[in-house]
Protein chains: 2
Amino acid sequence: MPRVLSSEDVEAFRARLCEAAQTLFAERGIEAVTMRELAQALGVSPMTPYRYFKDKDAILAAVRAAAFARFAARLEAAMAAPADPLHRSRNAGQAYVDFALAEPQAYRLMFDLNQPTEGDYPELQGAIVRARRTMTVHIEAMIEAGQLEGDAELIGHLFWSVLHGMLMLQLTGKLAPTIDPVKLRGLALVTLVKGLGIATP
Amino acid sequence: MPRVLSSEDVEAFRARLCEAAQTLFAERGIEAVTMRELAQALGVSPMTPYRYFKDKDAILAAVRAAAFARFAARLEAAMAAPADPLHRSRNAGQAYVDFALAEPQAYRLMFDLNQPTEGDYPELQGAIVRARRTMTVHIEAMIEAGQLEGDAELIGHLFWSVLHGMLMLQLTGKLAPTIDPVKLRGLALVTLVKGLGIATP
DNA sequence: CAACATAAATTTACACTGTAAACAATCGTC
DNA sequence: GACGATTGTTTACAGTGTAAATTTATGTTG
């Protein structure tokens, strides 16, 4: 117990806690994880996390922010390959789906309606803004390349809505048993490409 | 306290409880409502609801089923007016949005990722199946009318995904401040109509 | 009609949750 | 070397969902 904690130590503990929380969430489900479990996973007494986070909601917000950061990083990585805007667009969509299906609990938490609004957590808000910008960047590129016309931000939100809607219906088990999610995503893609008038080579 | 309860009485109590739950959910938010509050709202002791529902999840499932039933009824009503299939389609989409925005807490509960899967609650499952069928019926009508080609169920799920995705992003506050939800829905409509090749008069 | 059996409702009790408040232990500073 | 502040722990509490025991009230029966 050092008398004073460097801000690096504080940040390190927070990171360790978020990591442990994320792991436990993925294992046992989010709502099944308790404060005491979390503390025990860090080998620390039940009240210690409260020295580093105001309350449980603050922990969830930090985990959400980390998830959005990973998410944005994946999208950016998927668009780093030097391809034409249309292909980058496809890669981004695929990365979006891959992330949601690889880390469903994280995706759940990111878009959980029961979580408090992000307004109270600046770090989380920043992560969301970054992810959102990442999603519109390639639309702007397509517009600049003359492959598409319209409001980039609005079109980006349309793509986002379609992806999010399909994934949520799938993750909540609302799709009919006869519906193949892959086919659905294929239909969505060709419909959007045609409907928006995106120029295909 | 009659000695034996007719099944009508049982059903009546369940209905009263669901109604009270729905009201409290809309007022104070879903997760803030407790079993004891619910019982008190019915003028009954805290354990009495357990005579009519196995546990809290069963109550939530019943409320969800009722919400899906109201939802399906709204959609059906919106499509009852004798218009051509395309207009009925528009009306259905509008009714979908109106319902979600008029009863956001109900819509939240219906598509809450934290709720147990509907497999354990046959009544709920039936309500969902009915709502889903309602959503594909007008697509089939358009195909039969020669205004559209393709798999009706798949296309229905695409419409559903777009509506659900836009609404969830809006309800979770994930839309950028510069995005007007009405504009977004307008763009979605014209894009789907054009992308799917729906014949417009 | 009185006594009982039984189903409905209540009361009590318990394990568990998040967290506030009091407490103990440890280190840099004078 | 003693002090004061800060970290971590212990204790305590109100509130949750719900299991078990208990009471209450009624339809049936001797």
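Numbered from 1 within each chain, the chains take letters A, B, ... in sequence-line order. From a predicted model like this one, the values you see are computed outputs, not experimental measurements.
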Can you check the [X] [atom1] to [N] [atom2] distance for me, whole Å?
X: A:Arg36; N: C:dT17; atom1: CZ; atom2: C1'; value: 6 Å
X: A:Arg28; N: C:dC16; atom1: CZ; atom2: P; value: 14 Å
X: B:Met35; N: D:dT18; atom1: CE; atom2: P; value: 6 Å
X: B:Gln40; N: C:dT10; atom1: CD; atom2: P; value: 12 Å
X: A:Asp55; N: C:dT17; atom1: CG; atom2: C1'; value: 14 Å
X: B:Lys56; N: D:dG15; atom1: NZ; atom2: P; value: 15 Å
X: A:Leu60; N: C:dG18; atom1: CG; atom2: P; value: 10 Å
X: B:Arg51; N: C:dT6; atom1: CZ; atom2: P; value: 15 Å

Subject >> Worked verdict on A:Glu153 versus A:Arg133 for salt bridge (Lys or Arg N to Asp or Glu O under 4.0 Å) >> reply: CA-CA 9 Å; A:Glu153 212 182 17; A:Arg133 271 205 52 73; over 6 Å; no
**OP:** Have a look at A:Phe13 and say if it touches a base, only the backbone sugar-phosphate, or nothing, with a 4.0 Å heavy-atom cut-off.
**Re:** nothing
Subject >> Sugar-phosphate, base or nothing in reach of B:Ser45, heavy atoms under 4.0 Å >> reply: base
What nucleotide, of [options], holds the atom closest to the side chain of [X]?
X: B:Met47; options: C:dT19, C:dA8, C:dT11; result: C:dT11
X: A:Thr34; options: D:dT7, C:dT17, C:dA9; result: C:dT17
X: B:Thr48; options: D:dT16, C:dT10, D:dT9; result: C:dT10

Subject >> Sub-6.0 Å ring centroid separation between A:Phe68 and A:Tyr107 >> reply: no
Original post:
Would you say the side-chain atoms of A:Arg185 and A:Gln170 include a donor-acceptor pair closer than 3.5 Å?
Top reply: yes
Original post:
For DNA chain C, whose closest nucleotide is more 5', that of A:Glu37 or that of B:Val10?
Top reply: B:Val10
Subject >> Inter-residue atom distance B:Glu19.CD - B:Leu42.CG, 0.5 Å rounding >> reply: 10.0 Å
Subject >> B:Phe159 vs B:His164, ring-ring contact (aromatic ring centres under 6.0 Å, His included): CA-CA, chis, key distance, verdict >> reply: CA-CA 8 Å; B:Phe159 270 96; B:His164 183 61; over 10 Å; no
Original post:
OP1 or OP2 of C:dA9 sitting under 4.0 Å from any side-chain N/O of B:Tyr52?
Top reply: yes
